[in-house]
**Student:** 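Before I ask anything, here is the structure I am working with.
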2 protein chains.
Amino acid sequence: VAPVGRAAVGIVGAGQLARMLCQAAVGLGITPRLLAAVADDSAALVDPDVLLGDPGSLDALRALASTCAVTTFDHELVDPEHLVALEAEGHVLRPGAATAAVVVDKRRQRELIRDLGIVGPIWRALPNDAGEAAAGVRAHGGEHGWPVVLKAARGGYDGRGVRVVAGPSEVDGAVASMGAAPLLVEEGIDIAFEIAVQVVRRPGGEMVVYPVVETVQRDGICVEVVAPAAVEWEVALLAEGAARRLAEAIDLVGLLAVELFVDPHGRVTVNELAVRPHNSAHHTIEACETSQFENHLRAVLDLPLGATTLRAPHAVMVNVLGPPDGSDPADGLARALAVPGAHVHLYAKGAKAGRKLGHVTVCGDDADDVRARARRAAGALVGEG
Amino acid sequence: VAPVGRAAVGIVGAGQLARMLCQAAVGLGITPRLLAAVADDSAALVDPDVLLGDPGSLDALRALASTCAVTTFDHELVDPEHLVALEAEGHVLRPGAATAAVVVDKRRQRELIRDLGIVGPIWRALPNDAGEAAAGVRAHGGEHGWPVVLKAARGGYDGRGVRVVAGPSEVDGAVASMGAAPLLVEEGIDIAFEIAVQVVRRPGGEMVVYPVVETVQRDGICVEVVAPAAVEWEVALLAEGAARRLAEAIDLVGLLAVELFVDPHGRVTVNELAVRPHNSAHHTIEACETSQFENHLRAVLDLPLGATTLRAPHAVMVNVLGPPDGSDPADGLARALAVPGAHVHLYAKGAKAGRKLGHVTVCGDDADDVRARARRAAGALVGEG
């Protein structure tokens with residue numbers, strides 16, 4: 001327990017991940033201190049201990065970290081230099097600056113994956129000069145085939161900072177559209193389906209792994225998660241093993257989500273890493289013995305981790321994205337709750353087309369029935385059906 | 001959704017029940033507005049929307065109710081006259097003033113039970129004059145046998161306001177110890193074990209009932225809840241049926257907990273009613289498809305109710321009461337979380353001997369194993385083992 005005036009845990013950011021961390025913190029008897037950019041951000045609406053400030057500013061980060069026993073993060077867009085500075089001042093960051101520095105940079109992620117002997121897409125870093133970058137993209141496509149995937153090394157999420165390039169004629173436009181960010185290019189994997197696995201690790205090395213899930217993406221945004229993934233046991237074993245190796249290699253404290261591709265031949269490649277609670281594990285709130293949010297808190301507080309076992313044979317999580325007409329999913333709450341077994345999570349964020357505003361999870365015995373109910377409830381929230 | 005500046009739901013009180021209501025409200029996308037007597041009360045520590053004020057004061061209640069679409073309660077000690085006044089002013093109370101008036105008064109509870117043809121202990125109201133009250137107690141014992149149970153009609157909970165009177169020689173002292181409150185006396189039931197059942201009801205009459213649980217009491221305080229209760233189906237049916245009849249009779253909106261005695265011959269008698277989330281249903285957070293807290297909120301917001309099905313064959317909830325040495329259960333958190341499957345809930349209340357400071361729930365396949373683990377985790381929190 002933190003001394004008076006000092007929070008047990010600080011959270012940089014106040015989006016829906018922080019909101020669900022706060023919800024999990026209630027049971028542990030603690031009130032996280034949030035660093036929120038705006039007073040009505042999702043988590044700030046459910047937490048009385050909020051510092052208003054820019055998570056991009058070192059001063060604001062210091063104001064949080066210096067009044068919290070441990071500081072964690074609900075996003076990865078914090079400047080790694082700031083994290084290094086805070087640790088040098090003696091503040092406890094979990095995950096730490098070195099971990100974040102690897103994960104925030106997709107090129108360093110790729111190097112790590114390669115160094116650990118884990119299979120990832122074939123990639124190359126691109127020079128900063130646009131002309132040279134375009135030449136690199138063409139060379140990559142020439143060697144490994146088209147399409148290729150052009151990525152910003154930093155700052156991308158939910159499909160942003162990622163562009164599929166179908167052939168040589170699209171290269172210049174694609175490079176120009178990415179702006180000045182450092183870039184990399186990867187082979188375009190023929191994706192049969194995508195899976196994800198999450199591992200949680202304590203400072204001492206204790207680890208737990210959640211059962212592998214299938215993630216369904218649309219336009220680069222996760223729309224549905226199916227637990228457990230209907231994959232061969234070797235695929236699950238490989239994904240879990242890769243996640244454990246990665247967690248140890250980056251000296252993880254907290255939750256690491258690993259997203260992987262499976263191609264039509266069953267080849268598994270690691271796509272991306274994230275060190276924070278992750279959309280691919282929202283189902284764990286109801287579907288697993290211990291939620292990803294509680295386990296992330298337990299890990300950063302150096303408390304024993306909870307079991308990750310599924311509590312039902314099947315679970316499906318469907319994201320609630322803001323409908324094109326800008327209407328608010330909260331208006332469909334009654335219809336969604338009328339769907340049997342629908343666990344609705346609304347984030348109390350301003351409605352905006354395409355924005356993640358909530359999710360629905362359904363657990364049960366029959367995979368098809370569970371999926372149908374989760375979709376029906378999510379559909380009710382966005383005005384369908 | 002409530003208009004700007006108006007909360008969707010107000011809660012009178014900020015104890016652990018309000019705390020767990022706030023936790024459940026996160027998923028529904030709402031932030032309850034609390035009326036808290038002190039700023040560091042259990043729920044006020046996890047909710048940014050708090051009015052400070054005395055829940056006993058009409059002005060404070062009005063300040064809450066007039067800024068909330070619906071107002072509900074985490075305790076039953078509010079003056080029923082105030083509730084009548086608030087409803088007359090047009091504020092929406094759920095449960096309403098008429099419901100509360102019945103339940104707050106144990107004599108009216110007894111009359112209702114009798115009028116509905118439900119079996120309760122044989123009782124009589126006592127005159128306010130101490131000498132006449134004592135005569136009434138003696139007469140009751142003479143007619144129905146000793147011991148008898150002397151009860152304050154109002155304000156008792158967790159064993160307060162209840163006194164077992166073994167024989168005629170104890171009567172005068174017992175009556176004197178109860179103070180000036182209106183009293184009643186009941187036959188002393190030979191209790192083999194105690195059970196409880198909870199029903200949740202919406203304004204339109206939709207109802208759901210949680211599976212009957214066994215409650216283990218020590219010194220009038222619930223220490224353990226076992227779900228489901230190991231009772232004959234007829235006993236469960238009777239308890240559930242009584243709860244439904246009572247809920248309809250009092251025009252319940254929200255959660256009603258009914259506590260019942262079972263005697264060695266299997267005779268079931270209704271002991272007491274409470275219209276609020278209840279200690280006998282804390283296990284529902286993990287053990288049931290929908291928790292009592294979410295269902296209470298759904299009911300008062302007039303939203304479809306969630307399923308009450310058990311998610312595991314067995315669940316046991318053990319209360320964490322402040323140890324005699326005044327130590328804080330939070331100090332044992334790491335040891336408690338090390339117990340497999342232990343779901344710990346700490347209320348962040350000041351440690352005090354005998355005070356309810358938290359609870360632990362364990363779910364699983366084997367009743368004995370589940371109980372042993374729940375006790376071990378709760379024991380770790382209070383410095384045992």
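Chain naming here is simple, since letters A, B, ... match the order of the sequence lines and numbering starts at 1 in each.
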**Student:** Rounded to the nearest 0.5 Å, what separation is found between the NE2 atom of His343(A) and the OG1 atom of Thr290(B)?
**Tutor:** 5.5 Å
**Student:** Just give me the residue among Asp47(A), Leu305(A), Val344(A) that pairs up with chain B most often, heavy atom to heavy atom, under 4.5 Å.
**Tutor:** Asp47(A)
**Student:** Using atom types as modelled and distance alone, determine if a side-chain donor or acceptor of Gln23(B) lies under 3.5 Å from a backbone N or O of Val26(A).
**Tutor:** no
**Student:** With a 3.5 Å distance limit and no angle check, can you tell me whether Arg311(A) reaches the backbone of Ala312(B) through a side-chain donor-acceptor pair?
**Tutor:** no
**Student:** Please list, in residue-number order, every residue in residues 294-304 of chain B that has a heavy atom less than 4.5 Å from any heavy atom of chain A; write 'none' if there are none.
**Tutor:** Glu294(B), Arg298(B), Leu303(B), Pro304(B)
**Student:** State the CG-CD1 distance between Leu45(B) and Ile30(A), to the nearest 0.5 angstrom.
**Tutor:** 12.0 Å
**Student:** Who among Ala336(A), Ala338(A), Ala348(A), Pro340(A) has the most heavy-atom pairs with chain B under 4.5 Å?
**Tutor:** Ala338(A)
**Student:** Between chain A and each of Val50(B), Asp49(B), Thr31(B), count heavy-atom pairs under 4.5 Å; write down the option with the most.
**Tutor:** Thr31(B)
**Student:** At a heavy-atom separation under 4.5 Å, does Ala307(B) approach chain A through its side chain, its backbone, both, or neither?
**Tutor:** neither
**Student:** Could you pull out the closest heavy-atom pair between Ala44(B) and Pro48(A), with the gap in Å?
**Tutor:** O-CG, 3.9 Å
**Student:** Find the one option among His359(A), Met20(A), Glu289(A) whose heavy-atom pairs under 4.5 Å with chain B are most numerous.
**Tutor:** Glu289(A)
